[in-house]
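Structure, as structure tokens:
Every chain is numbered from 1, with letters handed out A, B, ... down the list of sequences.
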Amino acid sequence: MALSGKYDAKSVEKKWYNYWMDNNYFHSEVDEREAYTIVIPPPNVTGVLHMGHMLNNTIQDVLIRRARLNGYNACWVPGTDHASIATEAKVVAKLKEEGIDKNDLTREEFLEHAWEWTHKHGGIILEQLKKLGASCDWQRTAFTMDDNLSASVLKVFVDLYNKGLIYRGYRMVNWDPEAKTTLSDEEVIYEEKQGNLYYLTYKIEGSKDTLTIATTRPETIMGDTAICINPNDERFTHLKGKKAIIPIVNRSIAIIEDEYVDMEFGTGCLKVTPAHDPNDKTLGDKHQLEVIDIFNDDATLNSFGMHYEGKDRFVVRKEIVKELESIGALEKTETHLNKVGTSERTKAVIEPKLSDQWFLKMKDLAKPALDAVLDKDVHLVPEKFINTYRYWMENVRDWNISRQLWWGHQIPAYFYGDGKEDFVVAESREEALVLAKEKMGNTSLTDMDLRQDPDALDTWFSSWLWPMSVFNGILEPDNKEIKYYYPTNDLVTAPEILFFWVARMIIAGYEYRGEKPFTNVYLTGIVRDKQRRKMSKSLGNSPDPLDLIDQYGADGIRVGMLLSSPAGNDLMFDEDLCKQGSAFVNKIFNASKLVLGWDIDQNISQPEASAIAIDWYRSKFQKALVELENNYTKYRISDALMTTYKLIWDDFCGWLLEMIKPAYQSPIDIKTYQDVIAILEDNLKILHPFVPFISEEIWQQITDRKPEEALIISKWPLITSINEDVVKKFELAADVISGIRTIRKEKNIAFKETIELSVLNNESTDTSFDPVISKLGNISSLRYVSKKMEGVISFRVKSNEYFVPISGTINVEEEIKKLTDELTYTEGFLKSVQKKLQNERFVNNAPEQVIANERKKEADAMAKITTLKSSLDNLK
RNA sequence: GGGCGCUUAGCUCAGUUGGUUCAGAGCACUUGGUUUACACCCAAGGGGUCGGGGGUUCGAAUCCCUCAGCGCCCACCA
């Protein structure tokens with residue numbers, strides 16, 4: 001079958017993706033082969049594909065396709081994450097547009113909207129992945145809120161609770177007064193803001209003395225319950241044991257001592273407001289201070305705010321400063337740069353707030369997960385992330401797993417009374433009732449008396465089980481799938497979620513299977529634009545991936561993404577890379593078109609040039625295979641691509657095809673044809689992970705294939721032997737051809753004009769590539785001569801000299817200058833080599849190999865100088 | 001404030017344990033080209049004192065120190 005015209009990526013990609021799907025090649029079942037598994041980092045269920053996904057999933061697809069070709073039972077599990085807060089925010093926003101306020105809805109009503117939204121938008125992103133060519137096992141598509149995955153979450157929660165690892169605590173959390181919800185630390189963005197530092201004067205009880213504190217938040221003085229000084233601060237020894245009086249409020253508070261106070265900052269005196277500052281809370285707990293919360297949920301002041309009640313915190317700040325000034329309690333105001341936490345979504349300034357939350361004790365859980373990475377049992381790529389990982393794991397803090405949200409897994413804790421401890425934790429309401437009855441000793445308790453905790457679990461509390469839950473390994477720990485596919489092989493994800501997700505998956509893996517969830521973690525970089533800005537929707541600097549696929553083809557994008565993306569480094573995305581990618585695809589197409597378009601003549605024998613060329617390419621290919629193996633094992637995907645790219649473009653297209661190409665409209669001999677087809681097929685195999693579509697297309701065009709003969713499930717070429725000798729001989733020939741081309745260019749000799757070439761052999765040289773030289777140099781006759789020729793242009797390769805007689809006069813001056821320059825350079829080079837060899841310390845200390853090389857350089861240089869000199873003599 | 005990392009050709013990056021082929025690749029650039037698979041092409045070129053300075057060594061892009069610039073992660077000094 002012949003190819004013709006231009007490559008039509010769109011129709012080809014559609015055709016083969018459907019073919020792969022129809023033949024179920026992506027699907028994996030437990031069998032006797034070794035498994036190779038990847039679980040996808042589940043994107044947000046209602047998300048759309050962005051450039052980060054493109055990079056991520058391209059890499060995963062390359063790995064999974066290569067594993068498939070290598071004979072593994074390759075299984076790539078796709079799926080989506082319910083993304084609790086992100087999705088809930090979208091639903092709230094959408095409802096708002098429709099004039100519905102979340103607060104007016106019941107939980108059930110809201111969830112109905114959320115599910116509707118999920119069903120409408122859910123999975124769009126997975127459809128987009130198909131366009132990219134992702135060979136996921138779609139029959140295994142999972143969602144973190146699927147029944148069995150949800151059940152897994154509850155089972156784990158109950159289990160950890162029963163182990164005493166989950167507890168309920170009254171803690172300070174991030175409060176978004178605009179959305180009236182708490183936020184996770186990750187959703188708080190700290191921004192540097194120019195603010196003020198106010199110096200406030202407090203009177204000392206029973207004395208004329210005063211003390212001055214510095215604060216950024218004068219409006220919180222109503223919540224002050226102590227003043228703190230450093231016990232080592234000699235300036236304040238007179239204050240020890242005294243009490244201070246809050247201005248305006250006129251309440252007296254203790255002066256406590258704690259080394260926490262930085263003597264250098266401000267005045268060295270600190271006002272303590274345990275309800276509104278995490279550090280103050282810690283201090284308060286330590287010194288058993290009263291906690292006075294002065295804010296309402298919307299960050300207006302409550303009744304503790306006295307005459308400021310009902311006013312917003314920032315309004316109060318302005319007003320109270322004036323009042324303080326008027327009563328002489330404001331000593332001074334300084335500008336002060338501080339970091340203010342703001343809500344990622346509402347931009348509201350976060351208010352620290354105390355509330356009841358659920359926590360998971362992390363320290364003991366983290367231990368095996370830390371060791372796994374340090375021992376390289378779980379291998380982070382690149383390794384630079386190991387340090388960060390260790391630091392985080394060694395300083396891991398308890399994980400706040402509750403969120404004041406509805407969308408997600410509702411915490412399976414059931415309250416049956418009003419006391420803080422009047423609750424039970426169970427996988428189901430029925431169990432909870434039983435437990436509650438037991439706990440209370442009250443058999444009259446009914447289902448009606450149970451109130452489930454309204455909070456939902458942190459999204460990561462479900463995704464940390466992902467590598468297990470997708471194989472149902474939590475609910476049925478002994479099922480054959482989890483035993484077969486777990487631990488998975490590679491995880492490809494972004495470093496941003498190393499802690500939130502990767503570390504926690506490792507933790508969960510050891511806790512629930514006593515084994516790591518994956519062997520390698522490939523951390524990609526962030527996709528940035530040319531100006532190094534992170535690509536984001538809000539900046540509008542991210543191209544639409546689907547438009548790109550439309551324009552450059554999926555294969556083109558895949559190559560474009562991979563051309564410059566070493567692990568862990570950010571990727572400076574440039575559309576030109578996609579252009580280069582589609583140019584590569586075009587090159588593959590055209591080369592195949594050439595080969596498949598040849599007419600075969602059974603009766604002509606194989607030209608010498610073709611025989612040697614094919615011999616050479618086979619060795620070149622083998623060398624590339626070895627290099628690829630090395631690249632892939634080190635997860636150097638870009639290098640693997642570049643190795644393939646150069647092999648195909650330069651060696652296959654640039655050299656091999658040119659060497660064997662029959663004259664225009666002439667037929668090719670059968671032997672060469674068959675050899676080239678075999679080579680082409682091997683090429684397609686190593687190309688396939690990067691450019692799955694075009695490679696399958698060409699593969700199928702070569703001959704009719706049965707479904708079990710598709711490229712996607714073919715066998716990766718074997719590494720056999722490399723003939724280094726022929727590779728070396730070729731390189732010499734290539735240098736000669738290059739020399740001829742240079743002369744043609746310098747002397748303006750068109751290619752179609754044949755030239756004669758004479759060779760003076762100064763070292764034993766093989767002649768096997770002479771037919772190739774003649775063909776690619778368009779040489780009419782290639783002769784060996786025994787002495788220098790005169791009146792000709794010459795060039796040297798190694799110590800051989802080549803002479804090209806040309807018509808017309810030779811510019812002797814020019815030739816002399818060229819030769820002289822080369823001679824000067826070579827002499828200088830020889831000098832430096834000899835200097836090195838005369839250095840005794842070098843000769844005594846350097847390894848033999850290195851010295852031998854220097855001696856060879858010396859000999860080569862001397863030989864070259866001899867030939868250069870005699871050439872010069874001839875010209876003069 | 002603490003920790004980690006980076007700085008090599010105009011751009012994006014390789015450079016394994018210091019020593020053949022160590023100063024490289026791809027792109028871009030310059031020049032030339034109907035060499036009928038491909039101008040998404042072919043060929044030939046130019047381009048870097050490896051961020052600055054110092055040290056160790058026979059020998060440093062590579063190891064050490066120091067300075068400068070950049071990036072990331074962690075941390076709410078009121």
Side-chain angles (χ1 to χ4, degrees), chain A residues 3-4 6-7 172 174 185 188 190 197-198 213-217 228 260-262 264-267 269-273 277-280 336 338-341 350 352 382 384-392 395 495-496 498-499 526 530 532 556 563-566 568-572 574 576-577 579-598 630 634 636 638-639 641-642 645-646 649 653-654 657-658 661 664-665 737-738 741-746 748 750-752 776 778 836 839-847 849-854 856-857:
Chain A
L3 299 165
S4 61
K6 279 201 143 191
Y7 178 60
M172 196 146 262
N174 308 299
D185 291 343
V188 178
Y190 285 90
L197 196 56
Y198 303 92
I213 56 97
T215 181
T216 52
R217 302 200 61 189
C228 191
Y260 161 78
V261 177
D262 180 353
E264 305 295 313
F265 189 89
T267 61
C269 288
L270 171 73
K271 80 183 194 65
V272 186
T273 321
D277 184 281
N279 293 314
D280 290 12
H336 177 69
N338 67 335
K339 285 187 178 163
V340 180
I350 295 304
K384 68 177 177 187
F385 288 107
I386 294 176
N387 276 331
T388 331
Y389 180 88
R390 176 168 66 189
Y391 183 82
W392 193 77
N395 297 283
E496 299 140 64
L498 183 59
F499 308 128
I526 295 167
K530 273 181 167 176
R532 293 194 167 264
L563 271 172
S564 173
S565 56
N569 276 21
D570 288 357
L571 166 66
M572 252 39 79
D574 182 346
D576 283 352
L577 292 174
K579 222 178 267 176
Q580 197 184 339
S582 63
F584 183 48
V585 169
N586 179 258
K587 187 75 181 171
I588 298 166
F589 177 78
N590 278 299
S592 310
K593 183 167 88 176
L594 172 71
V595 171
L596 298 181
W598 280 328
N630 184 36
K634 290 182 179 158
R636 302 183 62 139
S638 302
D639 288 352
L641 171 60
M642 194 42 72
Y645 181 94
K646 285 197 277 195
W649 200 306
C653 299
L657 293 184
E658 293 303 326
K661 190 157 89 175
Y664 180 54
Q665 286 189 335
I737 292 164
S738 190
R741 284 170 177 166
T742 308
I743 283 183
R744 280 184 181 278
K745 175 159 173 150
E746 275 174 4
N748 244 327
F751 178 79
K752 56 187 174 193
L776 297 193
N778 199 14
K836 209 185 262 188
N839 182 338
E840 273 180 38
R841 280 181 294 189
F842 171 74
V843 180
N844 294 336
N845 293 316
Q849 174 72 310
V850 175
I851 296 171
N853 282 323
E854 291 303 315
K856 178 147 187 356
K857 278 194 211 166

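- The separation between A:Asn590 atom CG and B:A37 atom C1' is 5 Å, rounded to whole Å.
- If you take atom P in B:U20 and the same atom in B:G2, they sit 41 Å apart, rounded to whole Å.
- Across all strands shown, B:C4 forms a Watson-Crick or G-U wobble pair, both distances under 3.5 Å, with B:G71.
- For the C1' atom pair drawn from B:U8 and B:A44, the interatomic distance equals 26 Å after rounding to whole Å.
- Look at A:Lys593 and you won't find any side-chain N or O under 4.0 angstrom from OP1 or OP2 of B:C41.
- Taking atom P in both B:U17 and B:G55, the straight-line distance is 26 Å, to the nearest Å.
- Taking atom P in both B:U56 and B:U49, one finds a spacing of 26 Å when rounded to whole Å.
- Residue A:Phe265 places its side chain closer to B:C77 than to any other of B:C41, B:C77, B:C38.
- Distance noted for atom P between B:G24 and B:U30: 23 Å (whole Å).
- Among the heavy atoms of the strands, none lies under 4.0 Å from A:Pro495.
- A:His336 has its ring centre less than 6.0 Å from the ring centre of A:Phe265.
- The side chain of A:Ala583 sits closest to B:C40 out of B:C40, B:C76, B:G26.
- Using a 4.0 Å heavy-atom distance criterion, A:Glu658 is classed as a base contact.
- Atom CZ in A:Arg744 sits about 18 Å away from atom C1' in B:U31, given to the nearest Å.
- If you take atom C1' in B:C6 and the same atom in B:C76, they sit 28 Å apart, rounded to whole Å.
- Nearest to the side chain of A:Lys646, among B:C77, B:G5, B:A25, sits B:A25.
- The nucleotide whose nearest atom lies closest to any side-chain atom of A:Lys587 is, among B:C73, B:U35, B:C38, B:C38.
- Using a 4.0 Å heavy-atom distance criterion, A:Tyr391 is classed as a sugar-phosphate-only contact.
- Nucleotide B:G26 holds its P atom 11 Å from the CH2 atom of A:Trp649, rounded to whole Å.
- Distances from the side chain of A:Arg636 to the nucleotides B:A37, B:C77, B:A14 place B:A14 closest.
- B:C72 and B:C13 have their P atoms separated by 14 Å, given to the nearest Å.
- Nucleotides B:G18 and B:U62 are separated by 6 Å at their C1' atoms, to the nearest Å.
- What you find for A:Ala214 and A:Gly266 is that their closest heavy atoms are CB-CA, 4.0 Å.
- Across all strands shown, A:Arg217 has no heavy atoms under 4.0 Å from either base or sugar-phosphate atoms.
- No engagement by A:Cys228 is indicated, since no non-hydrogen atom pair under 4.0 Å with the nucleic acid exists.
- When both distances must be under 3.5 Å, the Watson-Crick or G-U wobble mate of B:C41 is B:G33.
- Counting any heavy atom pair closer than 4.0 Å across all strands shown, A:Val595 reaches no nucleic acid atom.
- Side-chain nitrogen and oxygen atoms of A:Lys661 include at least one within less than 4.0 Å of the OP1 or OP2 phosphate oxygen of B:A37.
- Summary of the strand contacts: A:Tyr645 and A:Ser582 both lie near RNA chain B, and taking for each the nucleotide with the nearest heavy atom, the more 5' one is attributed to A:Tyr645.
- Taking both residues in full, the closest heavy atoms of A:Leu776 and A:Phe751 are given as O-CE1, 3.3 Å, listed atom of the first, atom of the second, then distance.
- Side-chain atoms of A:Tyr645 and A:Gln580, non-hydrogen and from C-beta on, do get closer than 4.5 Å to each other.
- Note: NZ (A:Lys579) to C1' (B:G26) measures 16 Å, nearest angstrom.
- B:G3 atom C1' lies 16 Å from atom CD1 of A:Ile386, rounded to whole Å.
- Straight-line distance from the CG atom of A:Leu577 to the P atom of B:A25: 18 Å, rounded to whole Å.
- With a cut-off of 3.5 Å on both pairing distances, B:A78 has no Watson-Crick or G-U wobble partner at all.
- The shortest distance between side-chain heavy atoms of A:Thr215 and A:Leu197 does not fall below 4.5 Å.
- The CG atom of A:Asp639 sits 9.5 Å away from atom NZ of A:Lys634, with the distance rounded to the nearest 0.5 Å.
- No engagement by A:Ser592 is indicated, since no non-hydrogen atom pair under 4.0 Å with the nucleic acid exists.
- Residue A:Ser738 has no polar side-chain atom (N or O) positioned under 4.0 Å from OP1 or OP2 of B:A43.
- A:Asp639 has its CG atom 9 Å from the C1' atom of B:A25, to the nearest Å.
- Partner assigned to B:U21 is none, using Watson-Crick or G-U wobble distances below 3.5 angstrom.
- The side chain of A:Lys384 lies closest to B:G5, out of B:A43, B:C40, B:G5.
- Taking a pair to require two hydrogen-bonding distances under 3.5 Å in either a Watson-Crick or a G-U wobble arrangement, B:G46 remains unpaired.
- Between A:Glu496 and A:Ile526 the shortest side-chain heavy-atom distance falls below 4.5 Å.
- Between the CZ atom of A:Phe751 and the C1' atom of B:G33 there is a distance of 12 Å, given to the nearest Å.
- Which of B:A78, B:C74, B:A37 sits closest to the side chain of A:Val261 comes down to B:A78.
- Using a 4.0 Å heavy-atom criterion, one finds that A:Lys634 contacts the bases of the nucleic acid, with or without backbone contacts as well.
- The side chain of A:Lys6 approaches B:C40 more closely than any other nucleotide in the set B:C76, B:C77, B:C40.
- Put simply, CZ on A:Phe584 and CG on A:Leu563 are 9.0 Å apart, with the number rounded to the nearest 0.5 Å.
- Within the 4.5 Å cutoff, side-chain heavy atoms of A:Tyr260 are placed close to those of A:Leu270.
- Closest approach to the A:Tyr260 side chain among B:C73, B:A78, B:A44 is made by B:A78 (side chain taken as heavy atoms from C-beta onward).
- Checking B:A37, B:A25, B:G45 against every side-chain atom of A:Met642, the shortest atom distance belongs to B:A25.
- Using a 4.0 Å heavy-atom criterion, one finds that A:Asn387 contacts the sugar-phosphate atoms exclusively.
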